[in-house]
2 protein chains.
Amino acid sequence: MSSVPQRRSLLDELASRGIRVTAQRRAVLEVIQEAGEHLDADSLLARARAHEPGLNRATVYRTIALLKKLRLIDELDLMHLEGEKHYYELKPERDHIHMACFRCGRIEEFTSPLFEHLKIEIGKQTGFAVRVVRLEVGGACRVCASPAIDPLKSQEDAETPLR
Amino acid sequence: MSSVPQRRSLLDELASRGIRVTAQRRAVLEVIQEAGEHLDADSLLARARAHEPGLNRATVYRTIALLKKLRLIDELDLMHLEGEKHYYELKPERDHIHMACFRCGRIEEFTSPLFEHLKIEIGKQTGFAVRVVRLEVGGACRVCASPAIDPLKSQEDAETPLR
DNA sequence: CTGATTGCAAAGAATTTGCACTGCT
DNA sequence: AGCAGTGCAAATTCTTTGCAATCAG
């Protein structure tokens, strides 16, 4: 939800690697950095155009690809709750789990030491060098799962995504 | 990799729920059931056409949607190693982790009691009723991560997907 | 200067949908 | 018989690409 600012800005990361900093990239990076939520390419474009009006959709996709390659952002599916878009967020200090409520569509995040242990175990047991981890969960959030909310209203199906 | 057959066939599952069993569905179910690997919609169509030549692509998608809704299969992305397709597998008795090697493209599976604990913890800590879990990992498999393989050949990038 | 980056427009990949026809149960 | 399921073709959604013009370093 609220994000702890990370040590170096995306801009600094690019510059320090000798990657060209253009006005377009600056606009996209800024939006990603200040985003309070998970953004897809389309909303990213819309917001970045506030900074850089002529910005093209293709440039957004190319910038996303760049940031992914540099492992500065993570790509999420959020259980495909709405369409097949991808969502992006700054790579966090500690990986977290994304939980998508099939009933109300809310996305929750959750971190746990167990998750960190699991990642370590994967490496130890299999020899696999873990670079990117994505753990997504679908189901019913606390509120939607509660049977006490409205006994008269028949419960919507929370077994399966909305669409 | 090799799969332990589950108690009831997909066909029985449908029939017992009063869902219509058509030749087309039978063909798709059979392919999913015997698949030794993760199949996308396209390969699913190709294989199922061996049983049911006229089978249409749309029917495959509709059948996949049905099985997903009934939670008889899981949908995977396999870190989008090749395109944005989805892959499908029978819902296993115990959820497993999918590990995708960015260098050689191999997919490994891994199960761990820690993973089960983590799922339980999610529910306990957040009140979220977990229905579907997808844990995917990207990186370098044991072989590709090994620095001893070929010291002369400069290592390919294993930090990031191939495409 | 000069190659990396961009915009544009078109193409591509994966999936979904409307509708008339077919075939389970 | 009746309605769920299917095929077909077109539409949608999301993303990528080729190429000429532009701009950062």
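Bear in mind the structure is a predicted one, so any value in this text is a computation, not a measurement. Residue numbers start from 1 in every chain, and the chains themselves are labelled A, B, ... in the order their sequence lines are given, proteins ahead of strands.
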Over all strands shown, is [X] touching base, sugar-phosphate only, or nothing at heavy-atom distances under 4.0 angstrom?
X       : value
B/Ala23 : nothing
A/Ala65 : nothing
B/Gly54 : sugar-phosphate

Comparing B/Ile19 with B/Asp40, nearest DNA chain C nucleotide closer to 5' gives the residue B/Asp40

Quick one: is [X] getting a side-chain N or O under 4.0 Å of the [N] phosphate, OP1 or OP2?
X       : N      : result
A/Arg25 : C/dT5  : yes
A/Thr59 : C/dG7  : yes
A/Gln24 : C/dG7  : yes
A/Asn56 : C/dT6  : no
B/His86 : C/dA14 : no

When rounded to the nearest 0.5 Å, the distance separating CG of A/Leu29 from OG1 of A/Thr63 is 7.0 Å

Choosing from [options], which nucleotide comes nearest the side chain of [X]?
X       : options               : result
B/Thr22 : D/dG7, C/dG7, D/dG5   : D/dG5
A/Tyr61 : D/dT15, C/dT6, D/dC8  : D/dT15
B/Ala58 : C/dG3, C/dT15, D/dC8  : D/dC8
B/Arg62 : D/dT15, C/dG7, D/dT6  : D/dT6
A/Arg20 : C/dT25, D/dT15, C/dT5 : C/dT5

Query - Donor-acceptor under 3.5 Å (A/Arg131 side chain, B/Ala140 main chain) - result: no

Whole angstrom is fine here: how far is it from [atom1] in [X] over to [atom2] in [N]?
X       : N      : atom1 : atom2 : answer
A/Lys85 : D/dT12 : NZ    : P     : 16 Å
B/Arg26 : D/dA4  : CZ    : P     : 20 Å
B/Leu44 : C/dA14 : CG    : C1'   : 14 Å
B/Lys69 : D/dG5  : NZ    : C1'   : 14 Å
A/Glu52 : C/dT5  : CD    : P     : 16 Å
B/Leu39 : C/dT15 : CG    : C1'   : 17 Å
B/Lys68 : C/dT15 : NZ    : C1'   : 10 Å
A/Ile64 : C/dT6  : CD1   : P     : 13 Å

Return yes when atom CZ of B/Arg94 has more than 12 non-hydrogen atoms of other residues, nucleotides or ligands closer than 6.0 Å, and no otherwise. no

_Check A/Glu121 with A/Lys124, please: is the shortest side-chain N to carboxylate O separation under 4.0 Å?_
no

query: With the threshold set at 4.0 Å, does a side-chain nitrogen-carboxylate oxygen contact exist between A/Lys91 and A/Glu13?
result: no

**Message:** Between A/Glu89 and A/His38, is there a side-chain donor-acceptor contact under 3.5 Å, judged purely by atom types and distance?
**Reply:** yes

